[in-house]
Amino acid sequence: MTSPARRHQQRIRAAQAAASAEPGQSLAGASQYELMLVKLVTDKRRLKSIQSVARKIEVKREVLPEYDAYVSGALAGGRGGQDDVLMTVMIWRIDAGDYVGALEIARYALRYGLTLPDQYERSVGAAVAEEFATAALVAAKNDEPFVIEHLVEILDLTADLDMHDQIRAKLLKAIGMTAMNLIGDDKLDDPDDWGRAAQAVQNFKAALSLDDRAGVKQNIARLEALLSDADGRRKAART
């Protein structure tokens, strides 16, 4: 395990490397960046030799902490230079379920317009939106929690970016499904439950406007009926 002193030095060197390039410039030649690229190649080679997706995720979880000091320094000192190590770690963190860590890098990448390495063949905005949406939809299907604020932030961060309508629709659907799964009681008597149902409907309708095959029509109908019934009970209670 790397000592605290060594991690501190790695952060400092990473910050210095990241500060050596501006947006549109590569960090190629910066010593700490080059060292991490060598490590990245080794880890990629290891992953390529594994066929099991589940095992690949295990390995990513195993190696990702070894990049933490570099990421911390790069984000602290960076001025927007192109960093393939940082961008690969972002995707791996999503794969490994470290959504907080991935979002930390995504904010930086979207702020400065970094791009993903060529093998990913997507823009950063599209990749982050789709990968987070996929993870959230899987969680919703399995009745597992997902932090809805992450999805809403990604929607905001990518609002002005060009991407396929289906990807943005998928993100909107994920927000809707996550909000719907947070509803505690279908009666919607609790204001929070009512708000979650309304949030879900809003996002489902936005998804449908972008992709008529988004698969949200039944959810819209069900939730609108619940909202109507709840509103009816409130009006009756006031009379």
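The structure displayed is predicted, hence computed values, not measured ones.
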State the [atom1]-[atom2] distance between [X] and [Y], to the nearest 0.5 angstrom.
| X | Y | atom1 | atom2 | answer |
| --- | --- | --- | --- | --- |
| Q199 | I175 | CD | CD1 | 7.5 Å |
| L103 | Y108 | CG | OH | 15.5 Å |
| D84 | S26 | CG | OG | 7.0 Å |
| T178 | N203 | OG1 | CG | 9.5 Å |
| D95 | K60 | CG | NZ | 3.5 Å |
| Y67 | Q10 | OH | CD | 11.5 Å |

What I'd like to find out is whether the side chain of [X] reaches to under 4.5 Å of the side chain of [Y], using heavy atoms alone.
| X | Y | value |
| --- | --- | --- |
| I91 | L116 | yes |
| V147 | Y99 | no |
| V128 | T158 | no |
| Q9 | Q32 | no |
| D98 | V100 | yes |
| M36 | L86 | no |
| M90 | V85 | no |
| E130 | M163 | no |

Within a reach of under 6.0 Å around [atom1] of [X], are more than 12 heavy atoms found that belong to other residues, nucleotides or ligands?
| X | atom1 | value |
| --- | --- | --- |
| Q51 | CD | no |
| D185 | CG | yes |
| K44 | NZ | yes |

If only atom types and distance count, is the side chain of [X] paired as donor or acceptor with the main-chain N or O of [Y] below 3.5 Å?
| X | Y | answer |
| --- | --- | --- |
| Q82 | T115 | yes |
| S228 | A225 | no |
| N181 | A140 | yes |
| N142 | E144 | no |
| R11 | S72 | no |

**Study point:** Derivation of the side-chain contact (heavy atoms from CB on, under 4.5 Å) call for S20 and L27
**Key:** CA-CA 7 Å; S20 69; L27 290 177; 3.8 Å; yes
Using 4.0 Å as the upper bound for N to carboxylate O, is an ion pair formed by [Y] and [X]?
| X | Y | value |
| --- | --- | --- |
| E62 | R46 | yes |
| D229 | R233 | no |
| R55 | E58 | yes |
| E224 | K205 | yes |
| D190 | R196 | no |
| K39 | E34 | no |
| K173 | D211 | no |

Which heavy atom of [X] sits nearest to which heavy atom of [Y], and what is that distance?
| X | Y | value |
| --- | --- | --- |
| V124 | A109 | CG1-CB, 4.1 Å |
| L155 | L172 | CD2-CD2, 3.7 Å |
| G176 | A200 | O-CB, 3.4 Å |
| D186 | L226 | O-CD2, 3.5 Å |
| R234 | D189 | NH2-O, 3.9 Å |
| N219 | M177 | ND2-SD, 3.4 Å |

Should [X] and [Y] be regarded as members of a common hydrophobic cluster, given that ILVMFWY residues are connected when their side-chain heavy atoms come within less than 4.5 Å of each other, either directly or indirectly?
| X | Y | answer |
| --- | --- | --- |
| L37 | I105 | yes |
| L35 | Y33 | no |
| L75 | L40 | yes |
| Y120 | L157 | yes |
| L114 | V71 | yes |

Review point. Passes salt bridge (charged side-chain N to carboxylate O under 4.0 Å, His left out), R122 versus E131? Steps please.
Key: CA-CA 11 Å; R122 285 183 293 178; E131 294 300 325; 2.8 Å; yes
Practice item. Assign the ring pair F132 / H150 to parallel, tilted or perpendicular, where the plane angle (0 to 90°) is split at 30° and 60°. Key: perpendicular
**Study point:** Donor-acceptor side-chain pairing of D231 and W194 below 3.5 angstrom
**Key:** yes
Check your understanding: Do Y112 and D83 get their side chains close enough for a donor-acceptor pair, meaning under 3.5 Å?
Key -> no
